[in-house]
Amino acid sequence: MSSIFQRQLNHARRRPRTTAALAVGMAAVLSWTTVNTGMASEDKPAAPSSAQAKADAKAGTKAVTFEDNFDGAAGSAVDGSKWQIETGDNVNNHERQWYTGGSDNAALDGNGNLVITARKENPGNYQCWYGPCEYTSARLNTSGKFTQQYGHVEARMKVPRGQGMWPAFWMLGNDMGDVGWPNCGEIDVMENVGKEPGTVHGTLHGPDYSGDAAIGASYSLPNGEEFADDFHTFAIDWAPDKVTWSVDGNVYQTRTPADLGGKNWVFNKEFFLILNLAVGGYWPGDPDDSTQFPQELVVDYVRVSTSD
């Protein structure tokens, strides 16, 4: 990965629902490392080859193009052929965590889940934008390993709870290294902030509609339920000039170029996937005395398929 691309990716911010001034132009101090641990799926079929997927798509069937069921021994790192792990902090959002490498904060649990853990600690004397880091967590992406244009993208997850928690499943345009953020486009499949335990958000960021001006909507569970209580499936269905969001199969938002008021639609190209658990930041606010650690984002699977 080129140093230019690294710097561009560091500028990407996700979902700032805040009236505070946004520091999008400031450089974060993220570096990169790749975990080279291959995990074999034990009982679930492997995703088809790209040639087979294209053939299936042409025939009008839905083909799985990316799948990780997180099967493997407890404590193992994620499959390095599918994911790379980012390390560092993120000044752009004023997040409080240091993203660690290896399996320190992102590991399989031995029961078919990936667990991303946020802890109140600083075992490596990590230095964040605000001084010695107060928390550790993890952030993974598929850049350079998997990208796709259009299809069905979903993950089944159980989010953490507590003030300052900020889990997300999202996507960035694969041309970020050339055009930068937000021109590359960003699709937030799911974001949750701990101060809204029963609500998740789906959002588009692009040129002249990013940050507070992004285009999106929220979905809330009924009867006071909270997303941290159980697993839920978060998905988008993505087609030319159209993105539709759903939670547990319940569609709550569809966006097209007509929603942008003449601004440039930048979502008809390849994107890569990102999973992370941030701690603090402009939107969620920082943890307080009510926040208990550790907190976990538990991911049952991530799956991408072609459209019907």
Side-chain angles (χ1 to χ4, degrees), residues 14-15 39 41 43-44 66-79 82-83 85 95 97 99 103-120 135-141 152-171 188-203 218-236 245-250 252 273-281 283-284 287 290-304:
R14 299 192 313 280
R15 183 73 186 114
M39 299 295 170
S41 179
D43 300 314
K44 303 170 187 177
F66 178 93
E67 185 171 26
D68 199 335
N69 295 299
F70 303 111
D71 294 320
S76 299
V78 293
D79 186 341
K82 297 177 179 179
W83 303 95
I85 299 181
E95 298 168 14
Q97 81 290 323
Y99 288 128
S103 59
D104 289 346
N105 292 77
L108 308 185
D109 67 357
N111 295 312
N113 300 305
L114 164 66
V115 181
I116 298 178
T117 304
R119 300 186 179 94
K120 189 173 184 178
Y135 308 94
T136 61
S137 190
R139 173 164 148 168
L140 295 69
N141 72 72
H152 182 82
V153 180
E154 73 174 43
R156 184 173 183 265
M157 301 183 290
K158 184 165 69 171
V159 305
R161 70 174 77 242
Q163 170 58 35
M165 294 298 100
W166 189 1
F169 174 44
W170 50 300
M171 305 165 66
D188 298 326
V189 182
M190 185 287 299
E191 290 184 280
N192 167 260
V193 289
K195 62 187 176 184
E196 299 175 345
T199 299
V200 293
H201 300 265
T203 315
S218 63
Y219 176 90
S220 296
L221 292 171
N223 305 317
E225 297 174 37
E226 299 184 0
F227 278 99
D229 291 336
D230 204 351
F231 284 90
H232 294 273
T233 301
F234 308 98
I236 61 166
W245 285 256
S246 63
V247 176
D248 298 328
N250 301 305
Y252 70 94
L273 310 175
I274 307 169
L275 277 170
N276 74 288
L277 174 55
V279 180
W283 185 20
S290 70
T291 311
Q292 298 182 8
F293 287 92
Q295 287 292 327
E296 297 179 343
L297 171 62
V298 185
V299 187
D300 179 20
Y301 65 82
V302 175
R303 186 176 303 132
V304 182

Rounded distance [0.5 Å steps], NE2 in H201 versus OG in S220: 7.5 Å
Kindly indicate, with the supporting measurements, whether the criterion side-chain contact (heavy atoms from CB on, under 4.5 Å) is fulfilled by I85 and V78. CA-CA 9 Å; I85 299 181; V78 293; 4.1 Å; yes
Could you tell me if E191 and W170 have a donor-acceptor pair between their side chains, going purely by distance under 3.5 Å? no
For V279 and A118 the tightest heavy-atom approach is CG2-CB, 3.7 Å
For F234 and V200 the tightest heavy-atom approach is CE2-CG1, 3.9 Å
Indicate whether the side chain of T117 and that of N105 have a donor and an acceptor atom separated by less than 3.5 Å. no
Would you say the side chains of Y301 and E154 form a donor-acceptor pair under 3.5 Å? yes
Nearest 0.5 Å, what's the CH2-CG distance between W245 and D188? 8.5 Å
Return the CD to OG1 distance between Q97 and T136, rounded to the nearest 0.5 Å. 9.0 Å
Reference residue M157; test side chain to side chain contact (heavy atoms under 4.5 Å, CB included); the match among V302, N192, L275, V298: L275
More than 12 heavy atoms of other groups within 6.0 Å of E226 CD: yes
Measuring from atom CH2 of W166 to atom CG of L297, what distance do you get when rounded to the nearest 0.5 angstrom? 14.0 Å
Specify the closest pair of heavy atoms between L108 and G72, including all atoms of both residues, with the distance to one decimal. CD1-CA, 3.7 Å
Flag the pair E296 / P160 as yes when at least one side-chain heavy-atom distance between them is below 4.5 Å, and no otherwise. no
Are the side chain of Y252 and the backbone of G202 linked by a donor-acceptor contact shorter than 3.5 Å? yes
Could you tell me whether the side chain of N69 reaches within less than 4.5 Å of the side chain of E67, counting heavy atoms only? yes
Sidechain-backbone polar pair: S137 side chain, L277 backbone, donor-acceptor under 3.5 Å: yes
Could you check whether any side-chain heavy atom of L273 comes within less than 4.5 Å of a side-chain heavy atom of V304, counting everything from C-beta outward? yes
Evaluate T199 against S218 for side chain to side chain donor-acceptor pair (under 3.5 Å), listing each step before the verdict. CA-CA 7 Å; T199 299; S218 63; 5.7 Å; no
Under 3.5 Å side-chain donor-acceptor pair for D68 and W83: yes
Minimum heavy-atom separation for A73 to S76, with atom names? O-OG, 2.8 Å
As a quick check of understanding, evaluate side-chain contact (heavy atoms from CB on, under 4.5 Å) for F231 and N113, giving each step before the final call. CA-CA 11 Å; F231 284 90; N113 300 305; 4.2 Å; yes
Can a donor-acceptor pair be found, under 3.5 Å and without considering hydrogens, that links the side chain of K120 to the backbone of Q292? no
Answer yes when R161 and D229 have at least one side-chain N-carboxylate O distance shorter than 4.0 Å, and no when they do not. yes
Would you give the length of the straight line joining atom CG of L140 to atom CG of N276, rounded to the nearest 0.5 angstrom? 9.0 Å
Got M190 and Y219 here, is their nearest side-chain heavy-atom distance under 4.5 Å? no
Working note: H152 + I236, criterion side-chain contact (heavy atoms from CB on, under 4.5 Å); need CA distance, chi angles, decisive distance, verdict. CA-CA 6 Å; H152 182 82; I236 61 166; over 6 Å; no
Looking only at non-hydrogen atoms, find the nearest pair between P197 and G194 and report the distance. CD-O, 3.6 Å
Taken to the nearest 0.5 Å, the spacing of R303 CZ from F66 CZ works out to 11.0 Å
4.5 Å side-chain heavy-atom contact, I274 and R139: yes
Measure the shortest side-chain to side-chain distance between H232 and L221 over non-hydrogen atoms and say whether it is less than 4.5 angstrom. yes
Please confirm whether the backbone N or O of N111 pairs with a side-chain atom of D109, one donor and one acceptor, at under 3.5 Å? yes
Which heavy-atom pair separates Q163 from P284 by the least distance, and what is that distance? NE2-O, 2.7 Å
